[in-house]
Peer 1: 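For reference, the structure I am asking about is given below.
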There are 2 protein chains.
Amino acid sequence: MSLRYALLGIISKKPATGYDVVRIFKEQMVYFWNSTHSQIYTELNRMDQESLIDHELVIQQNSPNKKIYSLTDQGRKELVRWMMEQPLKPAKIKDEFLIKAAAFNVLSLPEMIQLVDEVIKRETRVHEMTVQWKDQYMNGEESDTGTILTLEYGIRYSKMYLEWCEWAKAYLEQFYKENDK
Amino acid sequence: MSLRYALLGIISKKPATGYDVVRIFKEQMVYFWNSTHSQIYTELNRMDQESLIDHELVIQQNSPNKKIYSLTDQGRKELVRWMMEQPLKPAKIKDEFLIKAAAFNVLSLPEMIQLVDEVIKRETRVHEMTVQWKDQYMNGEESDTGTILTLEYGIRYSKMYLEWCEWAKAYLEQFYKENDK
DNA sequence: AGGCGCATGTAATTAGTTACATGATTCA
DNA sequence: TGAATCATGTAACTAATTACATGCGCCT
């Protein structure tokens, strides 16, 4: 049900198509939400029927037609109501790497290090992309508070993740040096 | 499907009941996985049938009977195979507060601050609990590498979260002071 | 007397993923 | 000529949540 409010929040900033929303999820929101196009299009249609949003159909000749969604007054009210009146649910995280890390006891040191190195590679890439995206955003003419806050969050999150990885590697290497001899 | 491996990982350290697993999820794994008792009992039964785990039934008179699950050789092999051969899927995070933060544009400053303060309160509690749990764990006689790594992760995560909250409050207050005048 | 901890399950519903489906344009 | 971008949808399936269900012992 909160996917709905994520969509309302995105559209509240400026009208967008389903396709736009998918891109925004991937680029700007990886650190705190995710969804797929099939789920997004379905939810947009539902909200359109419930008059939380409405759309303008744009006929294009060089690319497929598209629907540009905007918030209705009702949609904006519903978004604010949810934000202020609904009690905060704790975050739900599903991080496969950390369940692997939690089970390191079944592996050998080189195997552990290999996995940590893989995750460092991946996270470095994501971190760099976020930093780049924030730079671009700050140099552009738009400046939305929410976007700045959450972009900063993403940078801090990935930095913390990478620092933890490096700490973990050092910990593992030292621990197994001591204990294997 | 990865719930299965989370369970296998937990049981790999020491035999446990479904009830134990629920507690471990809540206490030690909030920062990277979560599940409910109904899902856990169902998955344990399934894995039992597939011989990835087996159980010893313990009849008790003062409390309900229980099943203590252990890993089978097959289960351990399957866990290691998944850890080393399955490509890492990116983390999936659903953090409601951050979708609220992303939509701060529809609120007033006092409303934003109220929400941030709520989350600081909540996160402080979780952070303190994690620190306490780690202290207890480090002073106990057990010491499993995976547990130490992921407990440290939890502490770093919640610390980062709180620091970001404080930064966000300062940012918001300054930004709206400047722009409202 | 009421709530919490222990302990395990099933049923109903909702959310999320993966696969199927189409089709023009642009770039290498 | 093959992949990527733009653009939207439905269908089938799997995962996750919430509600239903039981019951004793202990503490306040």
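A note on names: the letters A, B, ... follow the listed sequences, proteins ahead of strands, and every chain is numbered from 1.
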Peer 1: On DNA chain D, does the nearest nucleotide to A:K66 precede the nearest nucleotide to A:T42 from the 5' side, or the other way round? Give the residue.
Peer 2: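 Its nucleotide being nearer the 5' end, the pick is A:K66.
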
Peer 1: Between C:dA15 and B:K94, is there an OP1 or OP2 to side-chain N/O distance shorter than 4.0 Å?
Peer 2: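 It does not, given that no N or O in the side chain of B:K94 lies less than 4.0 Å from OP1 or OP2 of C:dA15.
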
Peer 1: For nucleotides 18-28 of chain D, read 5' to 3', which letter fits each nucleotide if B means a protein heavy atom sits under 4.0 Å from the base, S means only the sugar-phosphate is that close, and - means neither?
Peer 2: BB---B-S---

Peer 1: Whole angstrom is fine here: how far is it from CD in A:Q60 over to C1' in C:dT25?
Peer 2: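 In whole Å, C:dT25 C1' lies 12 Å from A:Q60 CD.
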
Peer 1: Both conditions, 6.0 Å and 45 degrees, for the charged tip of A:K77 above the ring of A:W82: are they met here?
Peer 2: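 Judged by the rule, A:K77 and A:W82 form no cation-pi pair.
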
Peer 1: When the distance from OH of A:Y5 to C1' of C:dA15 is rounded to whole Å, what number comes out?
Peer 2: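 Rounding to the nearest Å, OH of A:Y5 and C1' of C:dA15 are 15 Å apart.
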
Peer 1: Going by an N to O cut-off under 4.0 Å, is there a salt bridge joining A:E43 and A:R46?
Peer 2: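 Salt bridge flag = yes for A:R46 with A:E43.
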
Peer 1: What pairs meet the salt bridge (charged side-chain N to carboxylate O under 4.0 Å, His left out) rule with one or both residues in residues 50-74 of chain A, with sequence neighbours excluded?
Peer 2: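 Qualifying pairs: A:R4-A:E50.
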
Peer 1: Has the side chain of B:S2 got a donor or acceptor atom that lies under 3.5 Å from a matching backbone atom of B:Y5?
Peer 2: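 No; zero donor-acceptor contacts below 3.5 Å.
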
Peer 1: When you measure from the side chain of B:E128 to the backbone of B:R125, do you find a donor-acceptor pair of N or O atoms at a distance under 3.5 Å?
Peer 2: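 Looks like no, no N/O pair under 3.5 Å.
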
Peer 1: To the nearest angstrom, how far is B:M1 atom CE from C:dT18 atom C1'?
Peer 2: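 Nearest whole value for this atom pair: 15 Å.
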
Peer 1: Within this structure, what is the CG-to-C1' distance between B:N65 and C:dC6, rounded to whole angstrom?
Peer 2: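 The distance from CG of B:N65 to C1' of C:dC6 comes to 12 Å, rounded to the nearest Å.
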
Peer 1: What integer distance in Å separates A:M47:CE from D:dT8:C1'?
Peer 2: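 Spelled out: CE on A:M47 to C1' on D:dT8 is 16 Å.
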
Peer 1: Using a heavy-atom distance cut-off of less than 4.0 Å, which residues of residues 13-35 of chain A contact DNA chain C?
Peer 2: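 Heavy-atom contacts with DNA chain C come from A:N34.
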
Peer 1: Judged by atom type as modelled, is there a donor-acceptor pair below 3.5 Å linking the side chain of A:N65 to the main-chain atoms of A:Q60?
Peer 2: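 At least one qualifying donor-acceptor pair exists.
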
Peer 1: Side-chain N or O of A:Y41 less than 4.0 angstrom from OP1 or OP2 on D:dG9?
Peer 2: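 Result: no.
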
Peer 1: Donor-acceptor check, side chain of A:Y31 to backbone of A:R156, threshold 3.5 angstrom: yes or no?
Peer 2: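 Here the side-chain-to-backbone pair does not exist.
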
Peer 1: What integer distance in Å separates A:L3:CG from D:dT17:P?
Peer 2: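 Distance check: A:L3 CG to D:dT17 P gives 15 Å.
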
Peer 1: Rounded off to whole Å, could you give me the CD1-to-P distance for the B:I93 and C:dG16 pair?
Peer 2: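 One finds 15 Å between P of C:dG16 and CD1 of B:I93, rounded.
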
Peer 1: Rounded to the Å, how far apart are A:E43 CD and C:dT17 C1'?
Peer 2: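 One finds 16 Å between C1' of C:dT17 and CD of A:E43, rounded.
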
Peer 1: Is the centre of the B:Y153 ring less than 6.0 Å from the centre of the A:Y161 ring?
Peer 2: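 Yes - the distance between ring centres of B:Y153 and A:Y161 falls below the 6.0 Å cut-off.
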
Peer 1: Quick one: do B:D20 and B:T17 satisfy side-chain hydrogen bond (donor to acceptor under 3.5 Å, both in side chains)? Show the steps, please.
Peer 2: CA-CA 5 Å; B:D20 292 334; B:T17 66; 3.2 Å; yes

